[in-house]
Amino acid sequence: MAGKRRLAKRVAAGLAFILIGIPVLFLLSAWAGSSIPRNAGWAETQDGVEIFIGSNGIHTEIVMPVYSDVIDWRGQFALGDIQSPYRNYTHVAVSWGEKTFFLETQNWSDLTPSVAVNAMTGGSGIMHVAWYVRPAPSEDFRPLRISHAEYEKLVAQIKAQIAPEISRQIYTGYSYYDVFYDAIGTYHIGNTCNQWTSDRLSAAGIKTGSWTPLPGGVMKWVPSLDQR
């Protein structure tokens, strides 16, 4: 009888660790990892290209001018793929993630255990592309001015993740102005949608966190409006 009680306590302790301990350790490691900067000496330029880093509380996105002397994004993503292609779009937002996770979790309230488990165990990459008209800066949509050279690197990083047009599938977006495409890469706990954002920024030479699985880890390195 005593042995059964000890076994029951061990099982209970194990379940408590799984349900409480692992999430706490994950959050602590995410906070610590995102607090270690990459490209620590970087600073915004006075001229160059203005981009935005946006967050909806679960995913982050990189927002860029539709046209610049570096690239015209309409040559990469067809406006005809969205429901309302004829508006005068000025910016395009690009983000990456796991296919099922991205298609089914626009907000935290949409997240289900099955989708979370599927994402953590690995899944196919997908790219979310949204088109905006003169977006206004806000706390969840922060401007960042980078040099032309940095923007060229950022563009190259994003283009490298785009699946070849001949083989990529198109998926309906959340609204009339966005769409999903098959993308290169595999999603896993060490390569989340938000890690993808910071990795693209880091590779372009822009300051960001080292490990940023959560959106706050990305946004903490982008000055808020009251910090400007």
So, Asp226 versus Ser224: side-chain donor-acceptor pair below 3.5 Å or not? yes

Measure the spacing between CZ of Phe102 and CH2 of Trp96 and express it to the nearest 0.5 Å. 9.5 Å

Indicate the atoms forming the closest heavy-atom contact of Gly57 with Pro215, along with that distance. O-CG, 3.5 Å

Determine whether a donor-acceptor pair (N or O, by modelled atom type, separation under 3.5 Å) exists between the side chain of Asp140 and the backbone of Asn56. no

Please evaluate residues Trp42 and Ile146 with respect to the criterion side chain to side chain contact (heavy atoms under 4.5 Å, CB included), reporting the C-alpha separation (whole Å), side-chain torsions for both, the decisive distance (0.1 Å), and the verdict. CA-CA 10 Å; Trp42 179 85; Ile146 65 177; 3.8 Å; yes

Return the CH2 to OG distance between Trp221 and Ser35, rounded to the nearest 0.5 Å. 7.0 Å

Check step by step if side chain to side chain contact (heavy atoms under 4.5 Å, CB included) holds for Val129 and Val92. CA-CA 7 Å; Val129 176; Val92 62; 3.6 Å; yes

What is the distance from atom CZ of Phe180 to atom OG1 of Thr172, rounded to the nearest 0.5 Å? 9.5 Å

Excluding sequence neighbours, so at least two apart, what forms side-chain hydrogen bond (donor to acceptor under 3.5 Å, both in side chains) with Ser147? Glu150

Which residues pass the side-chain hydrogen bond (donor to acceptor under 3.5 Å, both in side chains) test with Asp178, sequence neighbours left out? His128

Name of the residue among Thr212, Thr60, Ile62 meeting side chain to side chain contact (heavy atoms under 4.5 Å, CB included) with Trp196: Ile62

Tell me every residue that passes side-chain contact (heavy atoms from CB on, under 4.5 Å) with Pro135, counting only those two or more places apart in sequence or in another chain. Phe52, Thr90, His91, Tyr132, Phe141

Do you know the tightest heavy-atom contact between Pro143 and Glu44? O-OE1, 4.4 Å

Test item: Val70 and Leu154 side chains (from C-beta on) under 4.5 Å apart, heavy atoms: no

Set of residues satisfying side-chain hydrogen bond (donor to acceptor under 3.5 Å, both in side chains) with respect to Asn39, sequence neighbours excluded: none

Trp73: partners by ring-ring contact (aromatic ring centres under 6.0 Å, His included), with sequence neighbours left out: Phe77

Once side-chain contact (heavy atoms from CB on, under 4.5 Å) is applied, do any residues pair with Asp72, and if so which ones, sequence neighbours excluded? Val66, Tyr67, Arg74

Within this structure, what is the OG1-CD1 distance for the pair Thr100 and Ile126, rounded to the nearest 0.5 Å? 8.5 Å

Leu214 vs Ser34 side-chain heavy atoms within contact, under 4.5 Å: no

Would you find a donor on one side and an acceptor on the other, under 3.5 Å apart, between the side chain of Glu61 and the backbone of Gly54? no

Which residue pairs satisfy the salt bridge (charged side-chain N to carboxylate O under 4.0 Å, His left out) criterion with at least one member in residues 79-91, sequence neighbours excluded? none

Within the side chain of Ser210, is there an N or O that forms a donor-acceptor pair under 3.5 Å with the backbone of Ile36? yes

Can you tell me how far CH2 of Trp211 sits from CG of Asp199, rounded to the nearest 0.5 angstrom? 12.0 Å

Suppose we screen for side-chain hydrogen bond (donor to acceptor under 3.5 Å, both in side chains). Which residues come up paired with Lys99, at least two apart in sequence or across chains? Tyr171, Asp182

With sequence neighbours left out, what residues match Val222 under side-chain contact (heavy atoms from CB on, under 4.5 Å)? Ile53, Arg142, Leu144

Spell out, yes or no, whether Leu225 and Ile51 are grouped together once hydrophobic residues are joined by side-chain heavy atoms under 4.5 Å, including indirect joins. no

Donor-acceptor under 3.5 Å (Arg38 side chain, Lys207 main chain): no

Straight-line distance of Glu139 CD to Ser55 OG, nearest 0.5 Å: 11.5 Å

For residues 156-165, which side-chain donor-acceptor pairs fall under 3.5 Å, sequence neighbours excluded?
| unit_1 | atom_1 | unit_2 | atom_2 | d |
| --- | --- | --- | --- | --- |
| Gln157 | OE1 | Arg200 | NE | 3.0 |
| Gln157 | OE1 | Arg200 | NH2 | 3.3 |
| Gln161 | NE2 | Ile184 | O | 3.0 |

What residues form a side-chain contact (heavy atoms from CB on, under 4.5 Å) with Lys153, not counting sequence neighbours? Ala204

Ring pair (Phe, Tyr, Trp, His ring centres under 6.0 Å): pairs with one or both residues in residues 144-165, sequence neighbours excluded: none

